[in-house]
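Being a predicted model, the structure only gives us computed values, none of them experimental. Per chain, numbering begins at 1; letters A, B, ... match sequence-line order.
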There are 2 protein chains.
Amino acid sequence: MSDGLTIHEAAQTTGWSPRMLRYLERVGLVDPPRTEAGYRVFGPGELQRLRTLRELLARFECQLSDVAFAKRMRDDAELRQAVGRWLESEPRRPEGVATDDWLRWEQEKHQRLLALADAA
Amino acid sequence: MSDGLTIHEAAQTTGWSPRMLRYLERVGLVDPPRTEAGYRVFGPGELQRLRTLRELLARFECQLSDVAFAKRMRDDAELRQAVGRWLESEPRRPEGVATDDWLRWEQEKHQRLLALADAA
DNA sequence: GCAACGTTAGCACTCCCGTGTCAAGGTTTT
DNA sequence: AAAACCTTGACACGGGAGTGCTAACGTTGC
């Protein structure tokens with residue numbers, strides 16, 4: 001069947017179940033091409049991506065919905081900006097904070113925002 | 001009681017229930033200061049923030065956990081980078097894509113990543 | 001000092017996510 | 001043509017998120 005694994009084979013080598021591979025497609029995290037007959041075909045790239053995703057979730061103890069949301073943010077500028085603005089709207093620092101600490105905080109704001117982009 | 005609203009008053013003017021205001025604190029999305037006796041005090045900033053949060057969730061149909069995750073990403077560089085790398089690892093473009101389209105895609109990658117930072 | 005409000009802790013309910021499994025039907029292989 | 005795959009769709013279940021309510025106890029205002 002040309003090159004690329006079938007869903008059970010892909011499940012085998014990635015550690016996901018076939019069921020989950022379909023689910024991951026459903027929530028938009030992967031999108032394997034299909035054969036004429038509609039069979040999913042998992043290429044090497046997709047396989048690597050699937051393994052990496054497992055590591056990601058395990059290492060940072062997060063959910064599929066979290067990664068899906070990160071993707072939404074990457075693709076939707078309006079959403080990204082709205083969330084970013086909200087996160088930066090934290091009100092009055094703790095009482096004990098000295099003014100120059102506050103200034104440093106303000107100065108680092110831009111830095112923190114830029115940091116959102118430092119993915120490879 | 002100095003300046004700032006009590007939890008029921010805050011609930012009134014923000015549209016959240018008192019229960020949810022406590023819950024929002026629990027998941028780290030707000031952090032109202034306390035009186036000596038331990039009563040939460042909601043200042044104008046916190047109130048605005050709470051209203052904005054409702055709008056955000058409604059407008060983009062997302063969950064508290066999504067916003068919480070965005071915050072985690074903002075604060076944890078390692079997480080942010082790992083997610084970013086994964087999102088950029090999408091394998092083979094659709095078959096029909098011409099080479100110069102692919103090139104444009106690659107060139108826009110940096111742009112897309114930078115875009116993550118354009119919040120206010 | 002009592003009424004009205006705050007605190008935390010806990011029970012309980014609904015809804016959705018992640019997951020398995022099975023059914024009915026099409027495809028590929030031998 | 002039968003065996004061994006694939007597809008979608010549905011029922012089902014455990015666990016966690018989001019939410020209300022009550023209990024037990026401390027604080028504030030009149």
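Checking each of A:Arg74, A:Arg49, A:Lys71 against B:Glu88 for a salt bridge (Lys or Arg N to Asp or Glu O under 4.0 Å) leaves exactly one that passes, namely A:Arg74.
Applying the 6.0 Å contact sphere to CZ of A:Arg34 captures more than 12 heavy atoms from other residues, nucleotides or ligands. Around the CD atom of A:Glu25, the shell of radius 6.0 Å holds more than 12 heavy atoms that belong to other residues, nucleotides or ligands.
Straight-line distance from the CD1 atom of B:Ile7 to the C1' atom of C:dC5: 11 Å, rounded to whole Å. In this entry the distance linking CG of A:Leu21 with P of C:dG20 reads 10 Å, nearest Å. Across the protein-nucleic acid pair, B:Glu9 atom CD and C:dA4 atom P stand 16 Å apart, rounded to whole Å. Distance B:Glu36 CD to D:dG26 P: 18 Å, rounded to the nearest Å. To the nearest angstrom, P of D:dA4 lies 15 Å from OH of A:Tyr39.
Remark: B:Arg34 is in phosphate contact with C:dT8, judged by side-chain N or O atoms under 4.0 Å from OP1 or OP2. For C:dT27, the OP1/OP2 oxygens have no side-chain nitrogen or oxygen of A:Arg40 closer than 4.0 Å.
The two residues A:Val83 and B:Leu56 come nearest to each other via the heavy atoms N-CD1, 4.1 Å. Contact detail for B:Ala70 and A:Met73: the closest heavy-atom pair is CB-CE, 3.9 Å.
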In B/S/- notation (B base, S sugar-phosphate only, - none; protein heavy atoms under 4.0 Å), nucleotides 12-21 of chain D written 5' to 3' is -----SSBBB
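For A:Glu25 and B:Ala37, each mapped to the nucleotide of DNA chain D holding its nearest heavy atom, the one lying further toward the 5' end belongs to A:Glu25.
Identified under the side-chain hydrogen bond (donor to acceptor under 3.5 Å, both in side chains) test for residues 53-64 of chain B, with sequence neighbours left out: A:Glu78-B:Arg59.
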